[in-house]
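In what follows, a structure is listed as structure tokens, so that the remarks can point back to it.
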Amino acid sequence: MQVNELVYTVKWEELAKRKDDDRSSYPAGEYIEIVDYDPATGLFYEPVNLSDPNLLAQDGYAPSVSNPQFHQQMVYAVVMTTIKNFEQALGRKILWAENIPGPKPKGRSGRRPELNFSFVPRLRIYPHALRQANAFYDPNKKALLFGYFEASPINSQLELPGATVFTCLSHDIIAHETTHAILDGLHRRYIDATHPDTRAFHEAFADIVALFQHFSFPEVLRHQIAQTRGDLRRQNLLGQLAQQFGHAIGSYGSLRDAIGGFDGVGTWRPHVPNPNDYATSMECHQRGAILVGAVFDAFLSIYQTRAQKLMRIATGGTGILPAGDLHPDLVDEMAKTASRTASDVLRICIRALDYCPPMDITFGDYLRAIITADFDMVAEDTKGYRVAFVEAFQRRGISAIGIKSMAVEDLIHPLNPSKLNWKEEEQLGVFLRGLKESVGYLTERDRLYEKTKELIRGDKDLAGLHRRIEARLIAGNDQGKFSELTGLMFPGNKQATEKLGLEFAYLTSKTASYAVGNVWIANRVTPDGNIVNHVVITLIQKRGVRFIVSKDTQDVSVDEKGFFVPDKITNVEERGENYIVFRGGCTLIFDLDTLRLRYAVKKDVDDRARMIRQFKFEKGLLGEASETYFDSKEMNALAGPFAFMHSHNAMMGDNHVH
Ligand SMILES: [Zn+2]
């Protein structure tokens, strides 16, 4: 038996009617709009009216495979549930990735590029966009496209035949695709495949959200708990359940490989984690599966610890259950415990995004982010959450670079790392206070976006973030310290700057240009009811780097005289073949109450080893790694970077288990 019906409780919002085509009036809320146009048939399906009081009274449309209005309602509810989970964990409103302008006009780049960026109010959702066993997020169109597939052609009566499989009816697919869109809004550069982990991270993270959001409904786990007598790890039914969802997602997710698989005689077996997994699995989905598997493993450990406590209570302290079925009340309690654990893990995993570097993320970076974020919320790890995560990652050979050990205390980013003197830092403090006062209480997302941009940019009366950083930290005596803290470079003059491949900007301090990627305020409530107020700022620089590849040995080294400004040299003749566009920078986390810098998470823009690793990865010199990323260029051009990842072995009838 499997639970297939869940009731989603979505905050009610008055839905405006879209006006841009007179054939329809689809639901359009604050965050999303649904456009049920089917290009295959050229038809618009009748829009659902979610505000209809009759519909509200009966908990929405009853699940029906052939009713397009139910499909719209299903997508709407799951997308909004996913958004709500992100907002609760992050302590702020989420924004979709902004529109980016085309290539900058040639000439002096004195103008701040942010001026041309624009706010994207709503993600567009097409429940019946493709006639394929596929679904994807299109980062250019800011849209989710869901496919469907069937044996017989669709009839013309605006009714969908019952035999059709609709990806827009799967909670897991919707949550997975929505997560891609939200993650793109948070960390724009994670789309860049700069490391075997980056694309794998996008996929795995989308699966993690889908899986734990699903498990956060107690009714999903109740049956499994009764069957395994509470010991989810022993029989691994939970793993099987997770894998069933993997199948529902299609073969494209990381999920199906993460937990286990059927052996030659049809018996399901959990995967035994191998410490070599991380070093040897380079294909995107296999690699993603390592991360999903690690988080799932951590979840099971945490649940097990909490469940044992319940068992002891239920058995008068012995922990040994009598034979026979569990008492239904105990099953209820354990299902609640499991769903609460799933919600905790979901929150921890989402919250960690604020503690990640702004580019080139690795699984090790993510582990450190998880541990640090959790430390900020719960000072004493009495429930053993952090240890569970570290052990699960270690079992798969995932480690973090540049730390003493994999002990929890070493994984936490160093507190208050800034050696900058207080006077200098206070200049940022003024900015932070201004941010808190003018943005901290805004609830409209468009105002939030515009006001934050304005504070970064500054205007006649107000020195923006750029000016403060430049005047106080770059031009000041502490430039060296600031560079060390942020991983950015600020050589003195134009010639020296361009020689290093950095763009020179005529800013207040006339120095290397850098972008302020994000400025976020986060207000989080800890489990103890305390409120943690942080500001997260990301700074990014890019440079063009050329490499020398030895013909005999294929050895790669950085061409120290070959740095170039990427936007200046775009033709192949000048640039050559052996180059990459390399990015570095940092995520700075400030405590908004003390106005002090709390953490700096950096990726050095001058890191030779990282340059060589990215070059080797992009050029396919890391073994089998990169072919799988780049062989579907056609599909990529057609539908954006997330399409080909999903079309890969997601065709109908392909049900093999790795
Ligand atoms: Zn995906």
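Remember, it's 1-based here, ligands and their atoms both numbered in the order they're listed.
Salt bridge status for Lys603 with Asp365: present, with a side-chain N to carboxylate O gap under 4.0 Å. Of the charged side-chain nitrogens involved, at least one lies within less than 4.0 Å of a carboxylate oxygen, so that Asp360 and Arg613 count as a salt-bridged pair.
Partner of Arg395 under the side-chain hydrogen bond (donor to acceptor under 3.5 Å, both in side chains) criterion, out of Asp277, Asp297, Asn274: Asp297 alone.
Between Tyr355 and His413, the gap from one ring centroid to the other reaches at least 6.0 Å.
For His176, the N/O/S atom at the shortest distance from the Zn ion (ligand 1) is named NE2.
Residue side and main chain included, His202 places no N/O/S atom under 2.8 Å of the Zn ion (ligand 1). Not one N, O or S atom of Glu177 sits under 2.8 Å from the Zn ion (ligand 1).
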